[in-house]
Amino acid sequence: MFELSMTRLHEVMIILYAISVLLYFMDYLQKDQKANRVAFWLLSIVWVLQTIFLFLYMFRTGRFPVLTLFEGIYFYAWVLLTISLVLNRLMQIDFTVFFVNVIGFTFMAIHTFAPVQASTEAAAERLMSELLLVHITMAIVSYAAFSVSVVFSILYLLQYRLLKQKKWGQKIQRITDLAKLEKGSVILNSIGFPMLLLSLILGVQWAVVSLPTVLWYDIKISGSFLLLAIYGVFLYRRFGKGQSGKSLALFNAAAFGCLLINFLLGSRLSSFHFWSV
């Protein structure tokens, strides 16, 4: 009965989420403030439903739900939606909210329609510890920060191209200026990098204590440290060498591509790191 109710709740969330994204797209094309307001309130309802599900799942399992890839994707989508609602209220950058929620909707759909693997969840229960929970949670939050950062970079590249082509109009004004977009991407990467670093430190500590042998050449471990190095290079280029502009935005987009590979493919190919990030 619980599983059926949760399935129906997810179906309702997916429908509302899809309508909201479509309304944001209509607002993008036609500057429809009414569609923008309705989209925001629909997103707020989805956030409330996601939060209710999160607490119900925590109550049923007795733990924070981030120990499996299935759970991690859901928490990642929830964090993205939370960030988008905050951005919408504090910065009022409509395009950012639209693109962030395209990513969030995609992962929410993956979570809703992907089959649940009971064996993986059972194994995750045996491996559970507070240290592991903190490690996974911090990694997901860092991934969410990087995700919103790349949205700023993509909008930067779009705005840069429109300006180069001298295509003036409402779309350019609504995207906001280049300096603000670059600042947003740099700030979020500056938050995501230390979060990922701390997550990896805790993950290594947990692995050394809990596992009989640590496979340092495991694709998930090596991929995560490579990802950390890539975003470290981004910050070094920005603050160490003072680089900015189009090249930095392109580098950030490439870094996020590496993140997606590590998040989705690394977990599948890892010999033991199968539960989440």
Side-chain angles (χ1 to χ4, degrees), residues 17-18 20-33 35-37 39-40 42-43 46-47 76-77 79-108 141-193 227 230-231 233-235 237-239 242-261 263:
Y17 215 149
S20 177
V21 171
L22 289 174
L23 288 173
Y24 270 121
F25 186 66
M26 288 174 57
D27 178 42
Y28 162 70
L29 294 177
Q30 303 176 4
K31 193 175 173 55
D32 189 337
Q33 288 300 314
N36 184 288
R37 287 193 298 270
F40 172 78
L42 286 177
L43 276 185
V46 172
W47 182 86
Y76 173 78
V79 172
L80 280 182
L81 180 53
T82 303
I83 292 174
S84 74
L85 291 175
V86 173
L87 285 174
N88 189 79
R89 278 305 174 197
L90 296 182
M91 302 181 69
Q92 296 183 345
I93 305 177
D94 297 329
F95 285 0
T96 302
V97 175
F98 169 70
F99 284 111
V100 168
N101 281 290
V102 168
I103 298 174
F105 174 79
T106 300
F107 279 91
M108 192 64 194
V141 171
S142 72
Y143 278 21
F146 292 142
S147 300
V148 181
S149 173
V150 80
V151 170
F152 278 108
S153 290
I154 291 172
L155 290 175
Y156 181 99
L157 294 171
L158 176 61
Q159 180 79 308
Y160 182 88
R161 182 178 180 182
L162 291 174
L163 291 172
K164 280 292 185 181
Q165 296 176 349
K166 297 183 179 180
K167 293 183 177 180
W168 318 111
Q170 291 183 346
K171 289 184 174 59
I172 284 184
Q173 296 175 358
R174 297 186 66 198
I175 291 178
T176 200
D177 61 273
L178 295 176
K180 192 173 183 180
L181 291 170
E182 182 174 89
K183 182 179 179 180
S185 68
V186 171
I187 289 175
L188 285 163
N189 279 352
S190 299
I191 294 172
F193 179 81
L227 185 66
I230 291 172
Y231 278 101
V233 171
F234 173 91
L235 295 177
R237 291 181 61 175
R238 177 63 183 87
F239 296 107
Q243 294 183 2
S244 60
K246 181 181 178 182
S247 62
L248 197 67
L250 288 171
F251 186 92
N252 195 33
F256 184 73
C258 296
L259 183 151
L260 288 179
I261 293 173
F263 183 77

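We use all heavy atoms of the structure for the numbers below, so side chains are in, but hydrogens, waters and symmetry mates are not. The first residue in the sequence is number 1, and the count goes up from there.
- Partner I83 forms a side chain to side chain contact (heavy atoms under 4.5 Å, CB included) with one of V79, L81, V86 and no other, that one being V79.
- Taking the side chain to side chain donor-acceptor pair (under 3.5 Å) definition, one finds that S20 meets it with nothing, sequence neighbours left out.
- F251 places a side-chain heavy atom less than 4.5 Å from the side chain of V233.
- A distance of 13.0 Å separates CG of L162 from NZ of K164, quoted to the nearest 0.5 Å.
- L85 approaches L43 most closely through the heavy-atom pair CD2-CB, 3.9 Å.
- Residue Y231 is tested with Y143, F146, F193 for a ring-ring contact (aromatic ring centres under 6.0 Å, His included); the sole match is F146.
- When all heavy atoms are compared, the tightest approach of G192 to S142 is O-CB, 3.3 Å.
- For K183, the side chain to side chain contact (heavy atoms under 4.5 Å, CB included) criterion is met by I187, not counting sequence neighbours.
- Annotation for A255 and I230: closest pair CB-CG2, 3.5 Å, computed over non-hydrogen atoms.
- A donor-acceptor pair is defined here as one N or O able to donate and one able to accept, closer than 3.5 Å; no such pair exists between the side chain of S149 and the backbone of A145.
- Considering only heavy atoms from C-beta on, Y76 comes within 4.5 Å of I103 through its side chain.
- Contact check for L178 versus L163: side-chain heavy atoms found under the 4.5 Å cut-off.
- Between Y17 and V21, some side-chain heavy-atom pair lies under the 4.5 Å cut-off.
- To the nearest 0.5 Å, atoms CG (L260) and CG (L227) are separated by 10.0 Å.
- When side chains are defined from C-beta on, S153 does not count as touching F256, because their heavy atoms never get closer than 4.5 Å.
- Shown here are the side chain to side chain donor-acceptor pair (under 3.5 Å) partners of R237, two or more places apart in sequence or in another chain: Q243.
- Here the closest non-hydrogen pair linking L235 and S190 is CD2-OG, 3.7 Å.
- When all heavy atoms of L23 and A39 are compared, the pair lying nearest together is CB-CB, 3.7 Å.
- Among the candidates L188, V100, V186, the single residue satisfying the side chain to side chain contact (heavy atoms under 4.5 Å, CB included) test with F152 is L188.
- Across all their heavy atoms, S244 and S247 have their closest contact at O-OG, 3.8 Å.
- The CG atom of L80 sits 14.5 Å away from the CH2 atom of W47 when rounded to the nearest 0.5 Å.
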